[in-house]
Amino acid sequence: MPLTHTVGSITVTALVDGAGPFFQPRAEAFPDATGDQWREADLRDPDSVTPDGRWWLPFRAFALRAGDGPVTLVDAGIGPADALAASWAPVPGRLPAELAAAGIDPAAVRTVVLTHLHTDHIGWAGPLFPNADHLVQRAEVAALELFHPELPARLLGPLRATGQLRVVDGDMSLTPGVRVLSTPGHTPGHQSVLVDDGDDRLLVTGDLLVHTLQLIDPTLAYAHEEDARTAATSRADLLDTLTPLTLATPHLGHPFTLHPHPSAHPR
């Protein structure tokens with residue numbers, strides 16, 4: 001069964017679409033990380049490193065649901081065998097089976113929040129969720145030249161044709177207790193999703209946070225961020241403002257991580 005975390009009346013379900021090693025040495029992905037930072041990260045998140053020192057990534061989406069009400073899905077995984085991520089990600093993904101195991105009918109999904117338009121986050125978007133609006137930040141749509149060249153024809157065009165593309169600007173309330181937050185940097189229109197019950201908060205990070213290194217040092221740049229300085233600001237601001245909170249992450253070893261970590265050093 002997929003793992004879950006409850007915030008107030010909302011159940012957040014982590015759905016694993018697939019897993020595999022990163023396509024380049026992890027030291028190239030985080031060229032400024034020190035040996036001490038790598039050692040601490042590996043102690044905190046041992047499932048993210050393979051025995052031969054490669055970066056092991058799960059690829060997750062998250063379903064948000066209050067009771068048996070409509071579902072909000074954050075991200076859409078790597079997709080089927082012919083998905084746009086096929087050149088580098090471990091397709092085919094298993095999101096349909098994960099949804100079934102969680103008791104979620106894709107027809108019950110009313111909103112798909114695409115944190116950004118990288119191919120490992122959009123794989124099942126569109127036909128699998130016929131009743132869902134797909135939320136994308138306007139700044140993301142305006143930067144299509146940064147993404148896969150087939151994206152307009154394969155995803156955005158069909159969503160526009162069916163009236164399922166919803167372009168939004170900045171922060172917004174989505175449902176009671178759920179907000180979309182603009183978190184640019186990884187991509188120009190990256191967005192995250194906050195589930196807030198007052199005394200309990202959970203942030204679905206998307207790629208605002210891709211490795212435990214960025215919890216140890218939120219300013220640490222990831223090589224595949226479009227604007228590393230802006231990404232670091234987005235990450236540090238949210239982690240400082242919302243702490244303590246639970247992080248729901250696509251790529252860390254465990255889908256739900258408490259921040260600050262009990263072993264975190266005071267800054």
Side-chain angles (χ1 to χ4, degrees), residues 15-20 23 57-64 70-99 104-170 172 174 180-193 204-208 210 224-227 250-251:
L15 305 162
V16 181
D17 197 29
F23 61 83
L57 282 82
F59 297 86
R60 298 187 185 97
F62 290 88
L64 282 55
V71 177
T72 295
L73 186 71
V74 184
D75 282 333
I78 53 178
D82 63 347
L84 295 179
S87 64
W88 69 276
V91 299
R94 59 177 189 265
L95 185 60
E98 286 279 286
L99 288 165
I104 297 172
D105 183 345
V109 177
R110 293 293 185 269
T111 304
V112 177
V113 179
L114 298 175
T115 61
H116 61 296
L117 294 178
H118 282 161
T119 56
D120 57 319
H121 292 257
I122 62 170
W124 294 99
L128 182 61
F129 307 107
N131 300 319
D133 287 343
H134 290 61
L135 267 65
V136 185
Q137 288 285 328
R138 191 173 305 277
E140 197 79 347
V141 176
L144 287 181
E145 71 278 0
L146 299 176
F147 303 109
H148 198 291
E150 294 181 57
L151 192 61
R154 289 278 297 271
L155 178 65
L156 298 184
L159 287 175
R160 281 196 181 98
T162 57
Q164 291 176 268
L165 181 64
R166 184 177 173 189
V167 179
V168 300
D169 289 295
M172 61 170 290
L174 196 57
V180 171
L181 303 179
S182 174
T183 50
H186 181 76
T187 62
H190 190 282
Q191 56 189 348
S192 304
V193 176
V204 187
T205 66
D207 282 358
L208 176 73
V210 298
H224 301 285
E225 291 165 335
E226 292 296 334
D227 184 336
H251 304 308

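Treat the numbers as computed from the prediction; the structure is a model and nothing was measured.
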| query | Which pair of non-hydrogen atoms, one from H121 and one from D75, has the smallest distance, and what is that distance? | reply | ND1-OD2, 2.8 Å

| message | Could you go through V74 and T115, starting from their C-alpha distance and side-chain angles, then the distance that decides it, and tell me whether this counts as side chain to side chain contact (heavy atoms under 4.5 Å, CB included)? | response | CA-CA 7 Å; V74 184; T115 61; 3.7 Å; yes

| query | Under the 3.5 angstrom rule, does the side chain of Q191 hit a backbone N or O of V180 as a donor-acceptor pair? | reply | no

| Steps toward side chain to side chain contact (heavy atoms under 4.5 Å, CB included) verdict (V168, R138) | CA-CA 6 Å; V168 300; R138 191 173 305 277; over 6 Å; no

| said: Taking side-chain hydrogen bond (donor to acceptor under 3.5 Å, both in side chains) as the criterion, tell me which of E225, E226, H118 meets it with H186. | reply: H118

| query | How far apart are the closest heavy atoms of E140 and F147, and which atoms are they? | reply | OE2-CZ, 3.1 Å

| Is any side-chain heavy atom of P70 less than 4.5 Å from a side-chain heavy atom of V109? | no

| said: Show, in sequence, the C-alpha distance, side-chain angles and deciding distance for V112 and L135, and conclude whether the side chain to side chain contact (heavy atoms under 4.5 Å, CB included) test is met. | reply: CA-CA 6 Å; V112 177; L135 267 65; over 6 Å; no

| query | What residue pairs, at least two apart or across chains, pass salt bridge (Lys or Arg N to Asp or Glu O under 4.0 Å) with a residue in residues 144-164? | reply | E150-R154

| query | What distance separates T187 OG1 from Q137 CD, expressed to the nearest 0.5 Å? | reply | 9.5 Å

| message | Return the CG to CG distance between L117 and L146, rounded to the nearest 0.5 Å. | response | 10.0 Å

| request: Kindly indicate whether the side chain of L181, heavy atoms from C-beta on, has any atom under 4.5 Å from the side chain of V193. | output: no

| Roughly how far, to the nearest 0.5 Å, is CG of D17 from CG of D120? | 10.0 Å

| request: Return the minimal non-hydrogen interatomic distance between G163 and D133, and the atom names on each side. | output: O-OD1, 4.0 Å

| said: Can you tell me how far apart CZ (F129) and NE2 (H134) are? Round to the nearest 0.5 Å. | reply: 7.0 Å

Tabulate below the donor-acceptor pairs under 3.5 Å that side-chain atoms of residues 84-98 make, not counting sequence neighbours, or state none.
unit_1: W88; atom_1: NE1; unit_2: T119; atom_2: OG1; d: 3.2
unit_1: R94; atom_1: NE; unit_2: V16; atom_2: O; d: 3.4
unit_1: E98; atom_1: OE1; unit_2: V16; atom_2: N; d: 2.8

| remark: Heavy-atom nearest pair, S192 first then T183, reads OG-OG1, 2.9 Å

| message | If you compare all heavy atoms of P158 against all heavy atoms of A153, which two are closest, and at what distance to 0.1 Å? | response | CD-O, 3.2 Å

| request: Using atom types as modelled and distance alone, determine if a side-chain donor or acceptor of H190 lies under 3.5 Å from a backbone N or O of P188. | output: no

| said: So does A107 get a backbone contact from the side chain of R110, meaning a donor-acceptor N/O pair under 3.5 Å? | reply: yes

| message | Please find the pair of heavy atoms, one from P250 and one from G206, that lie closest to each other, and give the distance. | response | CD-O, 3.3 Å

| message | Quick check: do T205 and D207 have side-chain heavy atoms less than 4.5 Å from each other? | response | no

| field | From CA spacing to verdict: side chain to side chain contact (heavy atoms under 4.5 Å, CB included), L73, F62 | value | CA-CA 6 Å; L73 186 71; F62 290 88; over 6 Å; no

| task | Drop me the distance from L114's CG to L159's CG, to the nearest 0.5 angstrom. | result | 8.0 Å

| request: Tell me, please, which residues at least two apart from D105 pass side chain to side chain donor-acceptor pair (under 3.5 Å). | output: none

